[in-house]
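One structure below.
Proteins come first, then strands; the chains are lettered A, B, ... in the order of their sequence lines, and each starts at number 1.
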Amino acid sequence: MSILIDGKTRVLVQGITGHDGAFHTASMMEYGTNVVGGVTPGKGGQKLHGLPVFNNVHEAVRDTGANCSVIFVPARFAAGAIQEAADTAIALIVCITEGIPVLEMLQTYHYARERKTVLIGPNCPGVISPGKSKVGIMPGRIHREGEIGVISRSGTLTYEIVYSLTNSGFGQSTCIGIGGDPIIGTGFVELLRMFEKDGQTAGVALIGEIGGEEEERAADYFSKHMTKPVVSFISGRTAPSGKRMGHAGAIISGGKGTAQAKIDAFEKAGIPVASRPDEVPYLLKKRLKKE
Amino acid sequence: MKLYEYQAKQLFEQYSVPTVESDVVRNPEEAAEVARRIGGRVAVKAQLLVGGRGKAGGIRLVDSPEAAADAARELFSMRIKSTPVKRVLIAKAVDILKEFYMSFTIDRTRKMTVLIISAEGGVDIEELAAHSLEKIQMLEIDPNTGLAEKELEGFLGQVFTEKNRSEQAQDVVSRMYKLFIEKDCSLVEINPFALTSDFTLLALDAKIIIDDNALFRHPEMEAMRNDEEYSADEIEAKQYGLSFVGLEGTIGCIVNGAGLAMATMDLIKLFGGAPANFLDVGGSSSPDKVVHAFDILTRNTKIRAVLINIFGGITRCDDVARGILWAKEKIELRFPLVIRLIGTNEKEGRKMLQEAGIAAHEDLVSAVKEVVKYA
């Protein structure tokens, strides 16, 4: 099982000939991802890493049967790239790009929804179902196939926690970075719902941070609808108020979105909160034993 | 990017959002001159980006040009929330019958632009929301279809009960929305939005925040840049593609990724240290970025040790290692360096550091424990 992607996922890379696009296409292929082609306007007909390059997503999907697109296009063109992919009714779009203007993202969010495309990101590390497929920029070798779902608003902090899960003997079903922007395609709640239904997943590690109320909503969903255990980690306990901490969405504003508020919401809902990243596997062990 | 009131009012004028006559001044003499030109009673308002200036004594009402100069002189000598007052706005004072609140912003959870209005203007809207949510009305606006006139009419009617007032408000709201969209704002706020004794609706204050990610398509906004929202270090960091926030502690941090950078700060605190900064070198970091990061940290004399924490993904460990070696060549580092390096191209990165005799941790907690010892 796993969620969103598996060994059958046929991946298209938008922005395949760019610096990051080319590098991570090779890394995805090395991991075993079924990458079937790429798109760079004006470079159609070329080949990269033995893959066909197309001028647009429509031709690429038609000729390769891709059902997932990963976007490495620069910020000012990325919303357009998402919309172009959504127009083909592709099942899944993963947008890695950081820095998309929020009003463009707001429109694009609804654009993708109306076309029933699942959008992950933007400003995210992507999705990996270990042992099956990697659609993103995470280092594959730290993952191991297993039964823990991982969802996070961060990139590298997710690697940190996945690394400690793997070292503690916990493999992962699917790991998703949902993105650090204020407007993102898919939130914690929808992914928790997918993990609850997924046969491979026994428990979930949720990694949140300051800003917004994704974590509070996840806590509410968990207490009402979930049977599988969820454990969490929240970053930004030492972050000052009113300052954007790198991620466009990581800001405590008007006293809202503090780490403490999120920790309180989780604890109230029965989701234990780790005080350090390497405590996450320990908390999972305790919860899974109880089951 | 936050705008000062006087800058926001300039945009209001551009979009014909009605406001009172006003002008920004930089010294008491100019204040008297502008007060004389406007005539009658004027408000003398400190221009700051932090909130709560009224409570801090940053707004004075005066009746003569001389009094305006005196009030301005006083404000220029003040620090409000530790920020010196460099600009003062002189604005025509009006008789107010009633104060409303009005703003456009983005609701992250609803994934909508929202118009927020309240019949209780002039107060802190966040406080009002916390205590009397029923006094605030919110209208969701579909970003793909924009303001729907019919819906807007009914919505505004809840607060602006007289018909001609409601029509006036609708006109203002439409202009505000146009400004919000065209200038890529994340907030346009009028508080108070005042009904004056001659029955006109006017923006007495103005607050605008522009989406930093959209500034590339607004070169005209360059002129509105301020030196208050970000420190010199923060501005320099941004130029090099780094995100940096200065803090009070003694342990400098260079980390890739915002979440990990925050978690690293939290861990330093957990183990008894205090972070001197948040610094995210970002994705696909070139060695240059690491050198620039060191440049900024070396200026902070409070720093007693630096922790570099890299978990490579889009960032390649060999690029970071190269940056560390370059920095060591170019800059005299007067603090111990603790390095944690793992992820994409870590073998290459470690090898480069090893050849230069530099050790690197693989485990984060052990790296944090070591750096806390030095600080």
Under 4.5 Å, counting heavy-atom pairs only, tell me which of [options] racks up the most with chain B.
options	answer
A:S253, A:P125, A:G211, A:S164	A:G211
A:G249, A:A239, A:G208	A:G249
A:I137, A:T158, A:I210	A:I137
A:G140, A:S154, A:G236	A:G236

Chain B heavy atoms under 4.5 Å from [X]: which part of the residue, side chain, backbone, both or neither?
X	result
A:Y109	side chain
A:H247	both
A:I207	neither
A:I161	neither
A:I142	side chain

Inset, instruction - Determine whether the side chains of B:S186 and B:D211 contain a donor N or O and an acceptor N or O closer than 3.5 Å. - result: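 No, no side-chain donor-acceptor pair sits under 3.5 Å.
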Would you kindly check if the NZ (Lys) or CZ (Arg) of [X] is within the cone defined by 45 degrees around the ring axis of [Y] and under 6.0 Å from the six-membered ring centre?
X	Y	answer
A:R244	B:Y230	no
A:R115	A:Y111	yes
A:K243	B:F278	no

Legend entry - B:E248 atom CD, neighbour heavy-atom count above 12 within 6.0 Å: no
All N/O donor-acceptor pairs, side-chain side in residues 72-80 of chain A, below 3.5 Å, sequence neighbours left out:
none

Legend entry - Gap separating the OG1 atom of A:T156 from the CG atom of B:N309, nearest 0.5 angstrom: 8.0 Å
